[in-house]
Amino acid sequence: MPSKIGVVGDKDSVLAFKMIGFSVFFASEAKETRRIIDNLADKNYGVIYLTEQLAEMIPETIKRYDAKMKPAIILIPNHAGSRGIGKKRVQENVEKAVGQNIL
Amino acid sequence: MSKGTIVSVSGPLVTASGMESANIQDICRVGRLGLIGEIIEMRDDVASIQVYEETSMVGPGEDVETTGEALSVELAPGMISQMFDGIQRPLDEFMEMTNSNFLERGMTIAPLNRDKKWEFTAEVEAGTEVSAGDIVGTVQETNVIEHRIMVPFGMKGKIKSISNGTFTIEEPLYVLETENGDKELTMMQKWPVRRGRPIKTKLNPEEPLITGQRVIDTLFPVAKGGAAAVPGPFGAGKTVVQHQIAKWADVDLVVYVGCGERGNEMTDVINEFPELIDPNTGESIMARTILIANTSNMPVAAREASIYTGITIAEYFRDMGYSVAIMADSTSRWAEALREMSGRLEEMPGDEGYPAYLGSRLAEYYERAGKVVTLGSTERLGSITAIGAVSPPGGDTSEPVTQNTLRVAKVFWGLDSSLAQRRHFPSINWLNSYSLYSNDMNKYVGKKLDVDWDGMVTHAKALLQDESELQEIVRLVGVESLSEKDRLKLVVARMLREDYLQQNAFDDVDTYTSRNKQYEMMQTILYFEEQSIRAMDLGSYYDEIIEGTEDIRERIGRMKYISEEELVKIQEIRTKTKSDIQTVLEKGGVESDA
Ligand SMILES: Nc1ncnc2c1ncn2[C@@H]1O[C@H](COP(=O)(O)OP(=O)(O)OP(=O)(O)O)[C@@H](O)[C@H]1O
Ligand SMILES: [Mg+2]
């Protein structure tokens, strides 16, 4: 079964994704974000793009899905710029997977 | 009386010729020492006698004399709080008379005290028509047991004279006018141990035996009048389970048969029981206990007799209208005695060398348990609950003694050595034990408590069952592969195991749990589950619930130590559970059901 891809973030940052055909959800504070992500996970979304700035507000939810195969939560910068945590997570995961930081 | 001559001696088995006038099951006096033995086989004039005492130094040529009587017990006031050997010789008097801590041979000791005077209160008047089983009067034997003097079996007639007063058990107590003339009767009756005492009818057991042991009362209850088997390998806790039931069961009288097990276990009983207080009567446990000891260093043949002696005494008290429990530790040692005698008789061996009649002998014994309407013109109900420990060699329950016991006992408390090793006591394995009384008993308890007890128990059992399957998955692919709901299930199942089923027999509070407390405890665990699932449904995460309930889970773990007088404290835990989970919900951003 092909997995769906969702994008979660503040309106300004993620609206553009809608044009490429992704399902886009708007959120601006923690509770709302958490509910949307849990909901998408329930609905079998395979990949969720989430803005770094929202991710920072819901560390528990991020941790919860880290331990699971699906959905993969990928952090993206928002329109205000990157905070670097997305890239750091990628590096950490790569390190976990191959044993050293190759990036 | 006929006299025979010993032909051969082989351990406890003596054969004697010239015994043509003796009958099978007669008690004999064997040899110069006059050892007590019982004829177990007759071939022409040759009798095979199983001797209840050590036979060394007894040899061919010595005399054997039959008494013409079957092995019987004396039934009268004076039995309670006593300890007898397998053929009802009182051990403390034995010790006084022989001045030795060990059994001396050939001693004749009256089973019951002949000199003691008992205060008798007549319950019938002269002129009353009575028949077997009718109560003519009572003796307050201990603070809790009123000894009811019954008309012996086979007697019928009109009371000619009877009065209150103090009597010994041999003094004439009343006179009965019968068809065959007047009969003077005493308090004492005799009964041959190998025959069950007659009853009017057998009833279906319907009331549970409350043992105060959570795993037993909740998951695998035994009915009053039922039979239960406790098989378990060495050191798994058979003796402790039996002792616990002897201490706490809500019966009127306990007969404890120590059969072929260590002597110091009986010593434990004697030291411990007098100090324990029965929660049902407030009196010492010893005031309702009769001990029969035939420990491993006592002669093997008397071991065979001991369980019959025990159950006959139990039947006698049942006939008075009491509920009685009889414990036998261990029936395997009894079966081994049977095997030893059978081997010496050169009978054809069956499974594992046990005689072919092992199954029927075991069945005969357990069949004497039950709930009955007793003899007598007033309707009296009595019951015997039989609980037998089985020690299968190597813990292998497919061996003959266990298998034959399970055929007749409806309750199986399988002790598990791996649980015992992990110090999970009582080590009753909840996955393979069973009770065929479960449904009826749970409904009965449910009605008493006015709750859906059956539903709660069924749910708890299902959780434990699921746990073992989930653990299998965890072992294979790790705990991450489980859904959060399943992980919660593991937490609750673990609570059930550690906080409910585990029970320390040596803790003053934990050793006994009343039915009410069992309900409160179970309810609290299931409430925790219900509240947690609700929180999850509302969006809380497993990790959040675990973190937010740390304190409450700890308190649930300690609720077994809350005393019976403070059960509200358990209810408080439930209130706290609710508020703590509410906090979790709020933190997770899902305030309410709305
Ligand atoms: N309910 C219990 N609570 C605490 N400890 C227990 C409990 N049951 C058993 N034990 C521990 O296990 C030990 C062995 O128990 P027990 O003597 O009853 O075993 P057993 O099965 O009768 O052994 P055997 O086969 O040697 O007769 C006890 O001495 C005690 O330390
Ligand atoms: Mg034992």
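Throughout, a chain's letter reflects where its sequence line sits, starting with A, and its residues are numbered from 1. Values below: every heavy atom of this structure, side chains too, minus hydrogens, waters and symmetry copies. These numbers come from a predicted model, not from an experiment.
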- [ ] Could you list which of residues 8-15 of chain A have a heavy atom closer than 4.5 Å to any heavy atom of chain B, in residue-number order?
- [x] none
Task: Considering all heavy atoms, the nearest B:Thr511-B:Asp508 contact - done: CG2-O, 3.4 Å
Task: Under 3.5 Å donor-acceptor, B:Gln503 side chain and B:Asp510 backbone - done: yes
- [ ] Answer yes if the side chains of B:Ser514 and B:Glu564 hold a donor-acceptor pair under 3.5 Å, and no otherwise.
- [x] yes
Open item on the list: Keeping B:Ser427 on the side-chain end and B:Ala420 on the backbone end, is there a donor-acceptor pair under 3.5 Å?
Closed with: no
Open item on the list: Is it the case that the side chains of B:His424 and B:Glu498 hold a donor-acceptor pair, with the cut-off being a distance below 3.5 Å and no angle test?
Closed with: no
Task: Geometric cation-pi criterion, B:Arg574 with B:Phe528: 6.0 Å, 45° - done: no
Task: Side chains of B:Thr218 and B:Arg214, donor plus acceptor under 3.5 Å - done: no
- [ ] Anything in residues 45-63 of chain A with a heavy-atom distance to chain B below 4.5 Å? Please list those residues in order.
- [x] A:Glu60, A:Thr61
Open item on the list: Tell me whether the count of non-hydrogen atoms from other residues, nucleotides or ligands lying under 6.0 Å of CD in B:Glu547 goes above 12.
Closed with: no
Open item on the list: If you define the side chain from C-beta out and look only at heavy atoms, does anything of B:Gln502 sit under 4.5 Å from B:Arg423?
Closed with: no
